[in-house]
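Note sheet for the following structure.
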Amino acid sequence: MAKKYKEYSGLNLPAVASEVQAFWEANNIFEKSISSRSDDKTFVFYEGPPSANGLPGIHHVMGRTIKDIFCRYKTLKGYKVNRKAGWDTHGLPVELGVEKELGITKEDIGKKISIEDYNKACREAVMKYTDIWNKLTQQMGYWVDMEDPYITYENKYIESVWYLLKQLYNKDLMYKGYTIQPYSPAAGTGLSSHELNQPGCYRDVKDTTVVAQFKAKKSGAIKDVEGDVCFMAWTTTPWTLPSNTALAVGPKIEYVLVKTFNQYTHLPIQVILAKPLLEKQFAGKYELSESLEYKEGDKKIPYQVLKSFVGADLVGIQYEQLLPYALPFENADKAFRVIPGDFVTTEDGTGIVHIAPTFGADDAKVAKEAGVPGMMVLNPEGNPVPLVDLQGKFVAQAGELAGKFVKNEYYPAGQEPEKSVDVEISIKLKTENKAFKVEKYEHSYPHCWRTDKPVLYYPLDSWFIRATQMKDRMVELNNTINWKPKSTGTGRFGNWLENVNDWNLSRSRYWGIPIPVWTSEDGSEQICIGSVEQLKDECAKAVKAGVMKSNPLETFIPGNFTKENYNILDLHKNFVDQITLVGASGKPLKREADLIDVWFDSGAMPYAQWHYPFENKELIDNNKAYPADFIAEGVDQTRGWFYTLHAIATMCFDSVAFKNVVSNGLVLDKNGSKMSKRLGNAIDPFQTLDKYGPDATRWYMISNAQPWDNLKFDLDGITEVQRKFFGTLYNTYQFFALYANLDGFSYKEVEVPLNDRPEIDRWIISKLNSLVKAVDAHWADYEPTKAARAIQDFVGEHLSNWYVRLCRRRFWKGEYSTDKIAAYQTLYKCLEVVSQLSAPLAPFFMDQLFKDLNEVSGRHKVESVHLSDFPTFNEKEIDLDLEQRMELAQSFSSMVLSLRKKYKIKVRQPLQKIMIPLLGIDPAQVYAIKDLILSEVNVKELYFEDESASIFIKKIKANFKSLGPKYQKSMKQIAAAISKFNQQDIATLEQDKAYSLDIEGEKIILTLEDVEISTDDIPGWAVATEGGLSVALDTTISSSLKEEGIARELVNRVQNLRKDKNFDLTDRIQLKIQKVEGIVEAIHNNKTYICSEVLANDIEWVAAIGADGQEVEVDDDLKTTISITKLN
RNA sequence: AGUCUCUUAGCUCAGUUGGUUAGAGCGCUACACUGAUAAUGUAGAGGUCCGCAGUUCAAAUCUGCGAGGGACUACCA
């Protein structure tokens, strides 16, 4: 017996997924999808490593669906797509997790717990959730090679990173410098921006603020002003005033010179500040006054505006140092000047900004640009340091402030002085006539999340990568990358590159990749290590020179890449910090204490995942696995992973790291708020996959919104996809399977030539080819949403709602004829192709569909849809004319049905004729679909009415698209004139193909193209108009039509009865009907039709029917009783 | 604060180079069909296209200024 198509008792998507999953595993389908493709045609994909330290969320399903789609698609297109999984294992979250678990803090490291044990704990903790991640990967159908992932903490990985760092070092792209970073003196550690963004870090505090007066040295714009002139600058951190080395003004801001009196010393003063802030600063007791009479004790202090300038005029003017405790150790002559600053605003303060380059990031930046030094002094060892030390105390050079903490919060509890440094300085300035105003001010200021004490912005030593130097090349290379969406590449990423800063590599942490640089104490000698082999050699030298007792890498064998060999070392801090190397002149070299930014880890993955260049050198050098053809991550990675990949590739390889990149948006909850555990609106990916199945979940996520838009994730949306798309497709398959099994169709017959198939078959085949063409282009173009929607539309609208619905009869009626075979072949083909087109997105369901079909037909010699070849479209099978006329058929049908509805004539009641006016349509087009329309709307005849026939009432409208460009300004009058046309005018225009209009004395010739003419009404007919098409329906029901209607009703009732009685489709019956007035004629005249429809041999009229009879209504208020019996 | 992004029906989204009646699905209401039946179809109601100003004969669409949501980066005297 021939194989049967599998029939199902219901659609259970989660069950489908687990069955197919089991099938994949049992038959190694994933491996085969790679191994079956040739090495010559590869598609390179990079997996952005997730941190196994956190749990996966629903957004990971989103991101990974996108990755999976294009990898699977390329596989179908014949590419070999290797996908190595990876784990991001370093970083602060891991450290914090471990500290929480062990109940320790950073201070305990090296004391309560050794760095070695600490790192060991991190190493174990970080892989804690790998099982859960693997489960998600498997359950959602994400194909990635989890067997052999790259792991960023492995020695081989680190060795590759070191290699890259050394390249940068050798190219002089790495340097050590200082930068202003958030720093917690109480904790003695720098803080990352991540730490500063912890909730509760920014708090409103009340600080003493000072508007200080900086006495100008007269030159430039103020050269000729009599008397002393001061710049006014406001600060919320008076303790930074001793470190002031510049004042910044906005070049375009207007400033004024004001004459007034100091409120504390009552001495006359002349000050400069921004004009927009004049009233704010001179509020309260100050008053604009003609006379400048003032003595101590007066309630009001008068002031006058003497002069105004723009900021640019002030730039370059020098001033006397406000608090001359110390001078910058270098370039002191360049200090104490007015410099330009773009960031200066006139929102608050004075419009002149006090610049202390050692304690502000912006300050450092503008000072550097202007060539102004920061207040760095030399410590007893001769090293430059700021005026405040790492504990937050002033250094010796700070005069009477020396030894004091800059904030009272830093003193041990109970030891705070009564007056904080801020207050002390304020008082000093007041008495010295240098303070214009001192007041408390409330503002938000960051606090250390661990010590609860305010953060300082402090210059810290860091290693940098000279990204600024490579900016132009990075921009150039970026222009060759295909970004989805484009705006992220040009906008967010492009701007980021344009304004790129040097990359701060340093992190003062424990669990990460150590900077492989060893330096002598005086900084004169330095080695950067680029491999374990080199480290071993240098260690040997160090042992020889006597700076180290033994070589910890003694047993390491260079060139041996076995696990065993690499397991004898650990390239983490605990191990490498034990190593002292030796410089050329014999000085001992110590490793720089810092670790590198974990973003470097992940940006190095293209090379480090292959242990480049120690192993697999050719993969990179010969561009076999580099650069990536495709990567995808969330848009939040733009300045993260996308950037680090790009930067490293540009700097080390002068190449892009990826050619195509999809940056997807966020997954929000259904109200558009961010998902978070705290709000309890986070969606559990496992529950979702369990309940709805991966296919529907994936399909929903991709079809609902473009990947780069945020997705408002709503579970009801998945239900809809389930019902609407998968349900419909499932039903279509079930329908096919039901009849194909009855007829034994297994696609063994020769293909019925397209020309021998009916119009509707050629139509759906044409549609199918168009679909293949479109979907192929969408997948290739990284437009998954468009692909999904196109498929959805095809399945729902064209295949199910139109093709199957209209063709149902062909499947169950009659012999196993050519026409029937054509129908099966057509529907089969559609289902098969749909399964292939959709397989990248709905891998489980589509594989089942494909296999269910293929197992009977054996058309494909592969076990799985994922091993098949993507369908090709045949341009010759696309018939746009046909597609267009089918649309016409659909429109006409819809209009007629709408008319039936309006006139309350049910579809089962046959009607005699419809008429279509030949206005703007090709009769041949409509003629070809005549039968289709007629059967769809149950009407007997269709004919065309020539446009010259006078029964139409026509409507005319201006065609703006055609008239607009030609007449522009006169458009409105023309349109108005056209709308006033009467039937005669329209006829004239149609006849002469032209019509002359007179608009404001100008003659305008209208052609037929300039207007749209449609039918408005046909008297005596029911008329429907839609989008320029009209159709008229004859609603007359003659007696013979009425009889037919009754016959049809009867057939319908009998069929229902057959079904109720569970008769087989092919059972013949005996039909008894109770003789009732009004139906005899109708049934008699349609007897043959009735009998053939219900498979009755004859109709037996009876006077009354017994208990087995069924009363039925065949027309309004027209009832009879019938009974049927099976004939054997 | 800067950069990017989004805002169209109750909800989720389409809407080509500007062209005059702004579309679909879901939901809702009404109905039909009953040999795909826990399926299917049809029709109807439903809109200040976020606001304002501008360009244009013509703006959901282009420009500017705002508002709101979101992300990232930075953090301010």
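Because the structure is a prediction, the values reported are computed rather than measured. Labels below follow one simple rule: chain letters A, B, ... track the order of the sequence lines, proteins then strands, and each chain is numbered from 1.
- When the side chain to side chain donor-acceptor pair (under 3.5 Å) test is applied to A/Thr235, the partners found at least two apart in sequence or on another chain are A/Thr237.
- Nucleotides B/G47 and B/U8 place their P atoms 15 Å apart, quoted to the nearest Å.
- Going from the C1' atom of B/A59 to that of B/U48 covers 15 Å, rounded to whole Å.
- For the P atoms, the distance from B/U5 to B/A43 is 39 Å, rounded to whole Å.
- Within the nucleic acid shown, A/Ser703 has no heavy atom closer than 4.0 Å to any nucleic acid atom.
- Among the heavy atoms of the strands, none lies under 4.0 Å from A/Gln792.
- Nucleotides B/C13 and B/U7, compared at atom C1', are 12 Å apart to the nearest Å.
- When every heavy atom of A/Phe642 is checked against every heavy atom of A/Ser663, the shortest pair comes out as CE1-CB, 3.6 Å.
- The side chain of A/Asn801 lies closest to B/U42, out of B/G70, B/U42, B/G25.
- Between A/Gly489 and A/Asn478 the shortest heavy-atom distance is O-ND2, 3.3 Å.
- Comparing A/Gly360 and A/Gly796 along RNA chain B, the residue whose closest nucleotide (by nearest heavy atom) sits nearer the 5' end is A/Gly796.
- The A/Arg723 side chain lies nearest to B/G27 when the options are B/G35, B/U42, B/G27.
- Close to B/C26, at under 4.0 Å from its OP1 or OP2, lies a side-chain N or O of A/Lys724.
- Distance check on atom P: B/A36 versus B/G15 gives 36 Å, rounded to whole Å.
- Side-chain contact annotation: A/Tyr8 with A/Asp852, donor-acceptor N/O pair under 3.5 Å present.
- Between A/Leu1033 atom CG and B/U42 atom C1' the separation is 15 Å, expressed in whole Å.
- Separating the CD atom of A/Glu797 from the P atom of B/G23 is a distance of 17 Å, rounded to the nearest angstrom.
- Tested against A/Leu729, the residues A/Ile791, A/Leu11, A/Val795 include a single side-chain contact (heavy atoms from CB on, under 4.5 Å) partner, A/Val795.
- Note on A/Arg808: a side-chain N or O is less than 4.0 Å away from OP1 or OP2 of B/A36.
- The distance between atom CH2 of A/Trp496 and atom C1' of B/U3, rounded to the nearest whole Å, is 11 Å.
- Between A/Phe725 and A/Trp699, the ring planes lie parallel to each other; the angle is under 30°, not in the 30° to 60° tilted range.
- Counting only Watson-Crick or G-U wobble pairs whose defining distances are both under 3.5 Å, the stems of 3 or more consecutive pairs in RNA chain B are B:1-7 with B:67-73, B:10-13 with B:23-26, B:28-32 with B:40-44, B:50-54 with B:62-66.
- Residues A/Glu633 and A/Asn664 have side chains that never bring a donor and an acceptor to within less than 3.5 angstrom of each other.
- Residue A/Asn731 places its side chain closer to B/A36 than to any other of B/A36, B/G35, B/G70.
- We find that CD of A/Glu633 is positioned 14 Å from P of B/C72, with the value rounded to whole Å.
- Rounded to whole Å, the distance from CD on A/Glu7 to C1' on B/G35 is 14 Å.
- Atom CZ in A/Arg805 sits roughly 15 Å away from atom C1' in B/U37 (whole-Å rounding).
- Judged by atom type and distance alone, A/Thr728 does not reach the base of B/A39 through any side-chain donor-acceptor pair under 3.5 Å.
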Contact list (N/O, under 3.5 angstrom) for nucleotides 4-9 of chain B vs protein:
| residue | atom | partner | partner atom | Å |
| --- | --- | --- | --- | --- |
| B/C4 | O2 | A/Arg492 | NH2 | 3.4 |

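- If you measure from atom CZ of A/Arg1048 to atom C1' of B/A32, you get 15 Å, rounded to the nearest angstrom.
- Look at the C1' atom in both B/U12 and B/U17: the space between them is 28 Å, to the nearest Å.
- Atom C1' of B/G35 sits at a distance of 44 Å from the matching atom of B/U16, rounded to the whole Å.
- Toward the 5' end of RNA chain B, the nearer of the two residues A/Gly727 and A/Ala705, judged by each one's closest nucleotide, is A/Ala705.
- Annotation: B/C76 and B/A1 have their C1' atoms spaced 8 Å apart (nearest Å).
- The closest donor-acceptor contact from the side chain of A/Thr208 to the backbone of A/Lys440 lies at 3.5 Å or more, if one exists at all.
- With rounding to whole Å, A/Ile355 atom CD1 is found 12 Å from B/C76 atom P.
- Under a 3.5 Å cut-off, the side chain of A/Asn244 and the backbone N or O of A/Ala246 do form a donor-acceptor pair.
- Taking the six-membered ring for Trp and the full ring otherwise, the centers of A/Tyr319 and A/Phe214 sit less than 6.0 Å from each other.
- Closest approach to the A/Tyr457 side chain among B/A14, B/C75, B/U40 is made by B/C75 (side chain taken as heavy atoms from C-beta onward).
- Ring planes of A/Phe736 and A/Tyr733: tilted class, angle from 30 to 60°.
- Ranking B/U12, B/C75, B/A36 by closeness to the A/Val804 side chain, first place goes to B/A36.
- Below 30°, between 30° and 60°, or above 60°: for A/Phe493 and A/Trp483 the angle between ring planes is between 30° and 60°, a tilted geometry.
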